[in-house]
Structure formats: C-alpha cells, structure tokens
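I have placed the structure first, in the form of structure tokens, so that the comments after it can refer back to it.
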Amino acid sequence: MQDSELLEGLNDEQAAAVTHEGSGLLILAGAGSGKTRVLTTKLAWLIKERGLDPYSILAVTFTKKAAGEMKERAIALESRAAYANIRTFHSFGAYCLRRYWQEAGVDKNFTVYDDDDSASLLAKAIPGIKKSEAAILAKRIALAKDYGLTPDDDLSVLDGGDGVFAVQYRSYQKRLEQTGNVDFGDLILLPYITLKNNALLRSDIHRRYRVIMVDEYQDSNIAQFLLLKELSGVEEGAPTYVCVVGDDDQSIYKFRGAEVQNILNFRDNFPGSDLIRLETNYRSTDMILSCAASLVSNNSGRLGKNLCSARGKGKKPTLVFLPNQDDETEFCADMIENSLNKGGAYSDWAILYRTNAQSLGFESCFLHRKIPYTLVGSLKFYEREEIKDLLSWLAFVANPRDEIAFRRIVNKPARGIGPGSQDKIVDAAFGKPLTETLDSVKLSKKAGEALKDFFSIYKTFTDFLDENKDSELKLSEFIRLIVEKSGLKEHYESQDEISGSSKSDNMEELASSALFYSCSKEGLLDFLDHIELDRSLENPEGEEKKDAVTLITLHNTKGLEYKKVIITGMESGIFPRQDKTGADLEEERRLFYVGITRARDELYFTSCASRRLYGRTSFMLPSPFLSELGKNNFRVLGQEPAAFVSYDNDPIAKKYCKGACLYHDEWGQGYIVEAFYSEENNYVIGVKFDGSSGIKRFLPKFQSKDLLIVK
DNA sequence: CCCGTCGTTATTTTT
DNA sequence: TAACGACGGG
C-alpha cells in the first residue's frame with residue numbers, strides 16, 4: 001500500500017495525511033504547502049487503494065472554483081472520483097434541499113435569493129423601512145443564519161437585547177416562506193435544521209457518506225459546523241471519517257460569520273482526531289516566508305506552525321516609502337515597465353490593496369501609461385442590471401410565487417404597473433402564485449390590462465417549456481425567446497445605442513451559457529442553481545486571458561499566487577483600518593499574512609506619507625504591521641518617517657488605545673475611534689462622543705487631565 | 001418616465 | 001473627492 005504510485009513525489013507529511021485513517025483528521029496546511037494536492041490524492045487513494053465507493057465520499061469547498069479544481073485533479077488521478085460528491089458547501093445545501101424539499105418545507109421549484117434580493121424582500125416585509133436600513137438589516141439576518149440562529153433562538157448577540165431584531169427577522173422569514181424561495185444562509189441552515197429534527201433522514205445520510213472532507217475549514221461558520229456535525233453523526237457514534245483542511249493563520253472572513261474556533265477546537269468536537277501539519281512551502285522563497293512568520297507571530301491563540309521554503313533564500317522583500325498616492329501608482333507602473341524590459345510579463349505582477357476604492361488611482365495611471373490590467377471582483381456579471389432582469393424572468397417561470405423576481409420584471413419595460421399596483425397584486429396573492437391573481441385584484445383599467453398582457457407573455461414562456469421538454473432543444477433557445485418577447489431586448493438595445501453599453505450582448509452571453517442545459521423545468525432549475533451558486537470572479541465566457549497586471553483586494557487573493565506582488569497602502573488607518581482592535585486587529589494581520597504569502601519570487605510594500613481621503617489630504621503614518629515583519633527581513637527604499645507607529649512602547653498610547661471609553665468634562669462620554677502619531681510625533685486620538693456626530697481630536701500628552709479613561 | 005440636483009457616505013464579501 | 005441614492009420638476 002505504501003508503494004502506491006499515488007504517493008510518489010509527496011513529502012512524508014503529505015503522504016501521512018493521504019494515508020491517514022481512523023477517527024478524524026485535521027490537516028493544518030500552511031500557505032503554499034500543497035494542500036489541494038493532498039486532498040485530491042487522498043480522494044483518489046481512498047477509491048483506488050482502499051476500495052471505497054466514490055458515491056460515499058463528500059468533499060466540500062468554499063468556492064466553485066476550488067470545487068472544480070478539486071474534482072478535475074482528483075479525476076486525473078482516479079477516474080472514478082467523478083462519482084464522488086465534490087461541491088461547495090452551499091451547492092451541497094441546495095442539493096439537499098432539492099432532494100428533501102418536503103422535509104425542509106421549501107417549494108419544490110425554489111430559487112436562491114442573493115443579498116440584494118433579500119434586502120428588497122425585507123423592504124417589503126417591514127413597511128416603512130428605508131432601503132439603506134433594509135440592506136443593513138438583511139446583512140444582520142444573513143449573519144444570524146451564519147451563526148446558525150433562527151428567529152426562535154436567543155438573538156441577543158445581534159439584538160442589543162430589546163427583541164426588535166427577532167421580530168424583524170421573523171417577518172422577513174415569513175415573507176420569504178411565502179415566496180417558497182430560500183436565501184444563501186438557508187442553504188446551510190435549513191439542511192441542518194431538517195437533519196437535526198429527522199432521525200430517519202440522518203441515518204440515511206450516515207449510511208451514505210463514509211468520508212467527509214472540508215477544505216478551507218478556517219473560514220467555515222457556525223451553521224456549517226453544525227451541519228457538518230449532523231452530516232457526520234459524530235455525536236451519535238456514526239462511523240463517518242471526517243477530514244478537514246485549513247490554516248488558522250489565513251482566517252479572514254470573521255466579519256461574515258466565519259468562526260476560527262471551528263478549526264482551533266476541531267479536535268475537541270471530533271474526539272480522537274489526529275493533527276498533521278504541512279509545513280513545507282513550495283511557493284515562496286525563504287525571505288518572503290520570514291516576513292510572514294515574523295508578522296503572524298504577533299497573533300495569539302494560534303495552533304502554530306513553521307513554514308519552511310523548498311525554494312531557497314531568494315530576494316529580500318522591499319519596503320518603499322513614497323510621498324503620496326500618485327507617486328505610489330507611478331512607482332508601481334515604473335517597476336512593472338522596468339521588469340518588462342528585462343523580459344518579464346505583465347501577468348507576473350499583482351497589485352494588492354485593502355479596499356476596492358484604492359484601485360481607482362492604479363486604473364487611471366495604467367490606462368494613461370497603456371499598461372494592461374485586469375480588475376478582479378468589480379462589477380460582477382450576474383449583478384448587472386440586465387442580467388438580473390433576465391434571471392428574474394427565469395426565476396419567475398420556475399417559481400411564480402417569487403415576489404422579488406415579479407416586481408423586477410413586471411414593469412420593465414414600463415407597462416404602467418407601478419409599485420402601488422405591484423403591492424396590491426402581491427397582497428392579493430398572499431403566498432399563492434402571483435399568476436393567479438388576475439381575478440382577485442382590483443387595479444386601474446390600464447394596470448389591469450397591462451397585467452393581463454404580462455401574464456399572457458408569461459404563459460407563452462411556460463407553454464414553450466412544456467411543449468419542448470422532450471425535444472432536443474436547449475435552454476439557450478428558451479432564454480433567447482424570453483429576451484425577445486419580454487421586451488427586454490428592445491428596452492436595452494435602445495439604451496445600448498444611446499450610452500454605448502453592451503447590455504443586449506450580455507443577455508445573449510447568458511443565453512449561450514445555457515447551451516448544455518435541457519429546455520425543461522428541470523434544466524431551468526439546474527441552470528439557476530448553477531449560476532446562483534457560482535458568482536465566481538471571472539466573467540463566464542471570459543475574454544481570452546490577456547497578459548495583464550492583476551489589480552485585486554487582499555481578500556480576493558486567497559488561494560492565488562503571483563511571481564511578483566506589491567502590497568500597497570501600507571499605512572496606519574488604511575491597513576489595518578483604524579477601528580480595528582483586539583481580535584479584529586488580528587484578523588487584519590492575518591489578511592496581511594495572506595497577502596505576503598501570495599508572492600513567489602518578489603514582494604514589495606508601499607507606504608505613503610500623505611493620501612487623499614474623503615476629499616481631504618491626510619498625513620499618513622506607516623502601518624504598525626511593517627514593524628512586525630522583522631528588521632532584517634526586508635530592505636527600505638525612500639525616505640523613512642521619523643518613527644514607526646508603535647503602540648507598544650508608548651505608555652500614553654497604551655493608556656489611550658483605540659476602543660477605550662473616556663469621559664470629558666465638556667463633551668461627556670465617548671470612545672476612541674482613531675489613534676495615530678502626528679507629524680511632530682505626538683500621539684493623537686480621535687474621539688466620538690455620545691450624542692454628537694463628528695470626531696474630536698485630542699493630544700493626550702497635554703490634555704490627560706481632561707480625558708478620563710472610564711474603562 | 002427621465003433627468004438634474006442635493007445630500008449622504010465612504011471595509012473586506014468565497015456563497 | 002466621488003459616487004450613489006432620494007426626490008422633485010418637466
């Protein structure tokens with residue numbers, strides 16, 4: 001067995017992880033340590049060498065891209081891996097709900113609402129709420145679901161204790177149930193609740209899945225953990241083998257409900273599990289890893305590991321101090337052009353930043369200097385107006401109770417069915433199909449006629465699906481029919497003409513992407529599941545890959561690598577953001593760690609002395625993270641500021657740290673929202689006082705008498 | 001319905 | 001600064 005050709009070329013730890021059996025396994029896989037290789041080899045090994053039925057293997061990842069890659073690579077090693085269930089967490093949830101829709105209490109033909117749809121629904125569920133408030137509340141509900149909480153649970157963590165949130169959450173959920181649809185959170189939460197309450201279903205699942213693997217476990221949320229517990233039957237003594245892979249140092253999605261404790265406590269929750277560390281890094285040079293190690297050692301509560309490069313010492317990373325953000329963009333452009341003259345490629349380079357807004361300067365500079373770039377994660381294809389309209393038509397055909405889809409399309413192009421009429425129609429339906437409201441709703445003559453027309457168009461679509469369900473016709477044809485007959489084509493063609501956009505082309509692109517789906521209700525649902533769960537970063541039929549510099553947020557770089565990486569905006573207040581303290585600051589540090597470990601050969605940091613922020617030019621100080629990289633691990637270019645921000649060595653800074661509550665005779669109670677050193681190297685704090693909006697600034701060094709720390 | 005104007009507000013976002 | 005949403009007039 002040990003001689004299996006699958007194990008060739010693996011190091012000892014990797015081989016041990018692949019062949020491990022028994023009672024659960026946590027693989028702590030450092031950045032670039034070949035974790036996908038281990039996972040895929042393990043999949044192949046289980047089937048080939050251990051004779052496991054691929055049908056009994058479930059492997060979940062977080063992104064569609066990762067799932068696709070895992071599947072492809074596993075199949076390359078062992079063709080029967082094609083029958084294993086390799087999916088994203090959410091796609092697996094959707095699969096469960098499609099299968100057990102009755103038990104879960106959802107519509108057989110449910111579709112998935114995205115965050116935008118949820119906010120729209122919420123605006124209707126809670127009358128009088130503002131759109132911006134609805135979006136915030138929708139986020140909070142999504143977070144509750146990530147935490148595994150229903151309206152009936154103790155919601156005090158999200159609530160502030162007055163119970164208002166529970167009421168809002170319940171109204172939203174009720175309205176959602178009337179549509180028959182689910183939101184992203186439900187894709188995890190509903191399967192969990194259904195399993196928890198249904199022993200029969202549970203034992204079915206436990207019989208089927210003998211092996212469950214989870215990738216990127218450090219970014220799983222509580223709901224996902226709860227679901228995993230039910231799926232594995234760990235508390236009922238089911239013999240499921242659970243293997244999770246992750247890196248606690250790369251957990252960067254706490255704000256979205258990810259729970260690092262899942263990976264830190266894995267061995268308590270799955271008793272008797274073993275731990276294997278993958279610490280050989282095949283991606284980056286040693287100097288880069290030294291920076292990363294030095295930085296992340298400032299975090300507490302880590303499982304801990306020592307990454308060792310398999311690629312030698314390499315070049316020292318470089319920290320560059322620049323006067324302002326324009327110099328920063330020009331400097332990056334210069335470096336890229338220089339490297340190209342020496343025979344490099346644009347695509348060797350990636351420019352990383354903390355916030356999307358920072359891409360703007362690079363875009364205009366690169367445009368000007370004719371440096372090709374790809375902007376990752378800006379306006380996503382499926383979030384474009386025309387695509388959402390078209391998808392709403394598809395969703396409404398699939399499920400005529402879909403209030404949000406209905407509202408989106410019923411008056412576009414304008415038919416004279418405004419918001420008021422829409423409300424009447426939805427109220428009349430009261431959770432029944434909206435297409436059956438024609439007789440029960442009282443509308444103006446004009447709106448009534450228009451609705452009749454609208455429903456007759458709708459009927460030609462459903463008829464078309466019925467008539468062609470057994471034909472060879474593809475779903476693409478159906479979508480083209482909708483584009484044509486819904487009026488969207490005309491509507492957007494005239495817009496394209498005026499503004500030079502390509503909205504009708506985009507709709508055609510969506511149609512052609514449905515070429516491999518059958519022209520039937522099943523094909524339609526399949527297609528909707530597929531795209532709703534694949535908001536991947538690339539355009540679908542992506543233009544052929546050109547040689548270009550990548551502009552990308554730090555968050556979006558997870559799992560990616562580049563030869564040469566520039567991490568920009570290394571300034572206190574930007575990265576880390578100024579309001580980060582404690583556990584949040586540690587997450588920012590991990591984000592920096594992720595950024596650093598994306599680089600294969602060359603790594604640069606840029607830090608500006610001043611930056612235009614919200615219309616003002618602000619003086620910036622270097623990010624405190626820079627002083628954590630280890631003095632000897634990098635070299636410095638440009639004019640180094642007099643002092644690095646160091647909160648540790650200054651007793652005043654320690655006392656007046658960010659987040660601290662204080663009391664001021666004149667202003668009352670407040671808390672410190674920003675803290676930095678001024679040009680004269682004085683420690684400055686910004687305080688937000690209760691009952692006043694702006695931020696007041698003070699110099700604690702001179703004003704300590706007036707600034708009493710409360711807590 | 002479309003367009004201008006004013007006011008508000010500035011994270012990160014696998015699904 | 002700039003970008004976006006809300007709102008009111010044509």
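Atom set for the values below is all heavy atoms of this structure, side chains included, hydrogens, waters and symmetry mates excluded. Proteins get letters first, then strands, A, B, ... in listed order; numbering begins at 1 in each. Just so we're clear, the structure is a prediction, and the values are computed from it rather than from any experiment.
Distance from the side chain of A:Asn556 is smallest to B:dT13 among B:dT13, B:dT15, B:dT12. Taking every side-chain heavy atom of A:Tyr614 into account, B:dA10 is the closest of B:dT13, B:dA10, B:dT15. Side-chain atoms of A:His90 lie closest to B:dT15 of the nucleotides B:dT14, B:dT15, B:dT12. For A:Lys558, taking side-chain heavy atoms from C-beta onward, the closest of the listed nucleotides B:dA10, B:dT14, B:dT13 is B:dT14.
An aromatic stacking contact links A:Phe255 with the base of B:dT12, defined here by ring centres under 5.5 Å apart and ring planes under 30° from parallel.
Dashed line: the shortest gap from a side-chain N or O of A:Asn356 to OP1 or OP2 of B:dT12 is under 4.0 Å. At B:dT11, none of the side-chain N or O atoms of A:Thr553 fall inside 4.0 Å of OP1 or OP2 (strictly under the cut-off).
Under the 4.0 Å criterion applied to side-chain N and carboxylate O atoms, A:Asp219 and A:Arg256 are not assigned as salt-bridge partners.
Between the side chain of A:Arg256 and the base of B:dT15 there is at least one donor-acceptor pair of N/O atoms closer than 3.5 Å.
Both the sub-6.0 Å distance and the 45° axial angle are satisfied by A:Arg98 relative to the ring of A:Phe110.
When atom types are taken as modelled, the side chain of A:Glu571 and the backbone of A:Cys608 share a donor-acceptor pair closer than 3.5 angstrom.
Here the two rings, on A:Phe625 and A:Phe575, have centers that are under 6.0 Å apart.
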